[in-house]
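A short write-up of the structure that comes next.
The basis for the numbers below is simple: all heavy atoms, side chains too, and nothing from hydrogens, waters or symmetry mates. Numbers restart at 1 for each chain; the letters A, B, ... are given by sequence-line order, proteins then strands. Model, not experiment: these values are computed from the prediction.
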Protein chains: 2
Amino acid sequence: MEQTLTISIQDYLKNIYELTENGESASTNALASKLNVKPASVTGMVQKLASAKPALVEYQKHQGVTLTDDGKKAALEVIRHHRLLEAWLVQTLGYSWDEVHAEAEKLEHVISEDFERRIAAAMGHPLRDPHGELIPTADLQMPLDDSTPLSSLRANQSGTVQYVKAADAELLKHFETLGLIPEAELEVTGYSPFDHNLTIKIGRKSIVLGLNITSKIYVKES
Amino acid sequence: MEQTLTISIQDYLKNIYELTENGESASTNALASKLNVKPASVTGMVQKLASAKPALVEYQKHQGVTLTDDGKKAALEVIRHHRLLEAWLVQTLGYSWDEVHAEAEKLEHVISEDFERRIAAAMGHPLRDPHGELIPTADLQMPLDDSTPLSSLRANQSGTVQYVKAADAELLKHFETLGLIPEAELEVTGYSPFDHNLTIKIGRKSIVLGLNITSKIYVKES
DNA sequence: CTTTAAATTTAGCCTTGACTAAATTTATTT
DNA sequence: AAATAAATTTAGTCAAGGCTAAATTTAAAG
Ligand SMILES: [Mn+2]
Ligand SMILES: [Mn+2]
Ligand SMILES: [Mn+2]
Ligand SMILES: [Mn+2]
């Protein structure tokens with residue numbers, strides 16, 4: 001039942017999961033650019049995943065893909081590996097949060113379930129990875145996310161950073177120098193409707209952030 | 001220069017290294033059975049490795065293969081990864097020496113050089129893996145091995161176990177129950193020339209071991 | 001020196017998962 | 001509604017790295 005999926009398939013499923021978290025289906029083009037692969041290749045793979053038994057995705061020509069329950073399970077397994085590994089690399093080998101992603105990206109596909117259990121136990125079953133992202137549980141449920149993008153807050157609203165959604169090392173370093181890390185408290189003091197810039201107060205500083213940033217910072221309003 | 005070799009190629013090189021440590025060349029059949037692949041597949045791959053630039057193996061039809069300097073470098077890189085990983089898994093995650101091999105076999109191909117450095121440093125640059133096998137140095141030299149197989153000792157010779165050459169979990173567990181682990185001291189008290197059995201005293205026990213075992217235990221005579 | 005056996009190589013085929021170029025479908029504009 | 005643009009799919013290739021079956025080479029025996 002749990003035959004081992006190829007690394008490519010694992011990556012497709014993980015990326016489909018991420019693109020469909022919002023409820024929409026994942027388009028061929030979006031998947032292609034996320035996977036660094038040509039759209040034609042995506043069509044081919046997606047057709048295969050749809051006709052696999054059991055099917056891993058739901059697919060209608062020109063309508064994009066979504067995950068079946070089996071596909072979602074497989075995706076969450078990879079995501080759990082990835083996030084546990086990130087946490088573990090930071091906690092035991094002193095990686096910084098901008099260095100872990102690439103390493104976890106490769107390890108996620110080859111560790112055993114035993115390895116997964118051991119690092120989870122060694123860290124006391126952490127709930128979040130170094131970026132604050134929720135780690136799927138051992139029985140492959142994604143915990144409820146009670147945060148919203150910072151970009152959805154307006155003047156006088158304040159909150160606590162829950163997680164940052166970014167893999168790029170440079171961007172993560174930038175977030176860090178701004179103090180935009182999990183647990184950070186911030187308050188929105190201004191909003192510019194034309195460019196969607198937000199002015200926020202964080203620590204003793206006041207900074208202006210564009211949508212490119214605010215859409216990647218997830219906060220819990222307080 | 002250091003293009004990334006495929007996992008298959010890394011495994012071929014590692015296994016060729018192991019088969020040629022004794023100075024002889026590795027035969028197609030031996031390589032095939034070690035890699036769990038058919039002889040025809042080995043021929044194909046070996047031809048490719050020989051005509052790669054730079055060549056990774058030296059190969060003459062029907063004469064078996066040996067590693068070139070480049071091939072040996074690549075093999076030692078994989079072996080260093082493997083053995084450091086085994087040590088790391090035992091020291092930090094509580095794996096037993098019979099569980100580490102399979103995990104290291106997969107991880108060895110995907111960890112970065114940075115990861116390698118970090119675990120080596122975290123362990124204080126260990127010289128041997130959990131089985132006592134020597135770990136190639138960071139600059140990819142294999143340290144000198146001053147041990148001989150237990151099978152080459154005779155009555156009244158004694159020594160200290162340096163390492164055991166085995167990957168099979170059952171065999172390793174058996175070695176452990178016999179006390180045949182690195183650092184163990186033993187003395188040969190008898191030799192049976194017909195079946196090559198050795199009688200050895202280890203701890204307070206006296207046991208008789210067949211060639212299948214004594215050829216896999218490497219000791220330093222004392 | 002032949003014959004037989006064992007080892008190795010060759011030839012042809014298969015699966016994965018990419019790619020390019022061409023065809024098609026859907027969406028957007030005029 | 002027609003034309004253009006954007007997105008997607010189809011068709012045909014390719015490289016890796018396996019496999020089987022057949023051919024060949026080397027080694028062993030009589
Ligand atoms: Mn990946
Ligand atoms: Mn993360
Ligand atoms: Mn391997
Ligand atoms: Mn070992």
Side-chain angles (χ1 to χ4, degrees), chain A residues 3-16 19-20 22 24-67 71 74-75 78 105-106 108-110, chain B residues 3-16 19-20 22 24-67 71 74-75 78 105-106 108-110:
Chain A
Q3 11 78 44
T4 299
L5 305 170
T6 66
I7 291 176
S8 280
I9 290 177
Q10 290 180 38
D11 277 334
Y12 271 89
L13 295 175
K14 180 175 76 162
N15 283 282
I16 293 169
L19 286 173
T20 55
N22 56 13
E24 298 175 27
S25 75
S27 75
T28 301
N29 268 359
L31 249 185
S33 82
K34 206 157 181 294
L35 286 164
N36 283 306
V37 140
K38 302 298 178 199
S41 304
V42 169
T43 300
M45 178 61 92
V46 144
Q47 288 172 337
K48 189 169 78 173
L49 298 179
S51 57
K53 54 164 200 164
L56 296 168
V57 305
E58 192 78 46
Y59 168 66
Q60 302 290 341
K61 269 190 193 183
H62 298 277
Q63 304 302 134
V65 281
T66 55
L67 295 172
V78 180
E105 194 66 33
K106 301 211 290 178
E108 65 187 5
H109 307 293
V110 302
Chain B
Q3 14 76 44
T4 299
L5 305 169
T6 66
I7 291 176
S8 279
I9 290 177
Q10 290 180 39
D11 277 334
Y12 271 89
L13 295 175
K14 182 175 73 162
N15 283 281
I16 292 169
L19 286 174
T20 56
N22 55 15
E24 297 175 27
S25 76
S27 76
T28 300
N29 267 1
L31 207 38
S33 81
K34 206 158 180 294
L35 287 164
N36 282 307
V37 140
K38 302 298 177 196
S41 304
V42 170
T43 300
M45 178 61 92
V46 144
Q47 289 173 337
K48 189 169 76 172
L49 298 179
S51 57
K53 53 164 200 165
L56 296 167
V57 305
E58 191 78 46
Y59 167 66
Q60 302 290 341
K61 270 190 192 182
H62 298 278
Q63 304 302 133
V65 281
T66 56
L67 295 173
V78 181
E105 194 66 34
K106 302 211 288 178
E108 65 187 6
H109 306 293
V110 302

What is the distance from [atom1] of [X] to [atom2] of [N], rounded to the nearest Å?
| X | N | atom1 | atom2 | answer |
| --- | --- | --- | --- | --- |
| B:H62 | D:dA23 | NE2 | C1' | 11 Å |
| B:Q60 | D:dT24 | CD | P | 21 Å |
| B:Q47 | D:dG17 | CD | P | 14 Å |
| B:Q10 | D:dG17 | CD | P | 11 Å |
| A:K61 | D:dT10 | NZ | C1' | 8 Å |

Pairwise side-chain contact, [X] with [Y], heavy-atom cut-off 4.5 Å (strictly under):
| X | Y | answer |
| --- | --- | --- |
| B:T43 | B:K61 | no |
| A:V37 | A:Y12 | yes |
| A:L31 | A:L19 | yes |
| B:D11 | B:E108 | yes |
| A:K14 | A:E105 | yes |

ask   = Can you tell me if the side-chain N/O atoms of B:N29 get under 4.0 Å from OP1 or OP2 in C:dA6?
value = no
request  = Determine: side-chain N/O of B:Y59 to OP1/OP2 of C:dT9, distance under 4.0 Å, yes or no.
outcome  =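 Yes.
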message = The criterion is salt bridge (Lys or Arg N to Asp or Glu O under 4.0 Å); which residues satisfy it with A:E24, sequence neighbours excluded?
response =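 In terms of salt bridge (Lys or Arg N to Asp or Glu O under 4.0 Å), with neighbours along the sequence ignored, A:E24 is linked to no residue.
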message = For A:I9 versus A:L56, what's the shortest heavy-atom pair and its separation?
response =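 Reported closest heavy-atom pair: CG2-CD1, 4.3 Å.
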query = Do you know the tightest heavy-atom contact between B:L5 and B:Q10?
reply =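 Taking B:L5 first and B:Q10 second, the nearest heavy atoms are O-NE2, 2.9 Å.
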remark   = Computed from five pairs at either end and rounded to 10 degrees, the angle between the axes of the helix from C:dC1-D:dG30 to C:dT30-D:dA1 is 10°
task = Hey, could you give me the CG/CE distance between A:L13 and A:M45, rounded to the nearest 0.5 Å?
result =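 These two atoms lie 8.5 Å from each other.
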Taking only N/O atoms, report every protein-nucleotides 15-22 of chain C pair under 3.5 Å with atom names and distance.
residue	atom	partner	partner atom	Å
C:dG17	OP1	A:T6	OG1	2.5
C:dG17	OP2	A:K48	NZ	2.3
C:dA18	OP1	A:S8	OG	2.7
C:dA18	OP2	A:Y12	OH	3.2
C:dC19	OP2	A:K38	N	2.9
C:dC19	OP2	A:S41	OG	2.7

ask   = In chain order, what residues pass the side chain to side chain contact (heavy atoms under 4.5 Å, CB included) check against B:S25, with sequence neighbours excluded?
value =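 Side chain to side chain contact (heavy atoms under 4.5 Å, CB included) list for B:S25, sorted by chain: B:T66.
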So which protein nitrogen or oxygen atoms get under 3.5 Å of nucleotides 3-5 of chain C's nitrogens or oxygens?
none

query = With a non-hydrogen cut-off below 4.0 angstrom, is B:T28 in contact with a base, only sugar-phosphate, or nothing?
reply = sugar-phosphate
inquiry  = I need the full list of salt bridge (Lys or Arg N to Asp or Glu O under 4.0 Å) pairs touching residues 36-50 of chain B, with sequence neighbours left out, sorted by first then second residue.
reply    = none
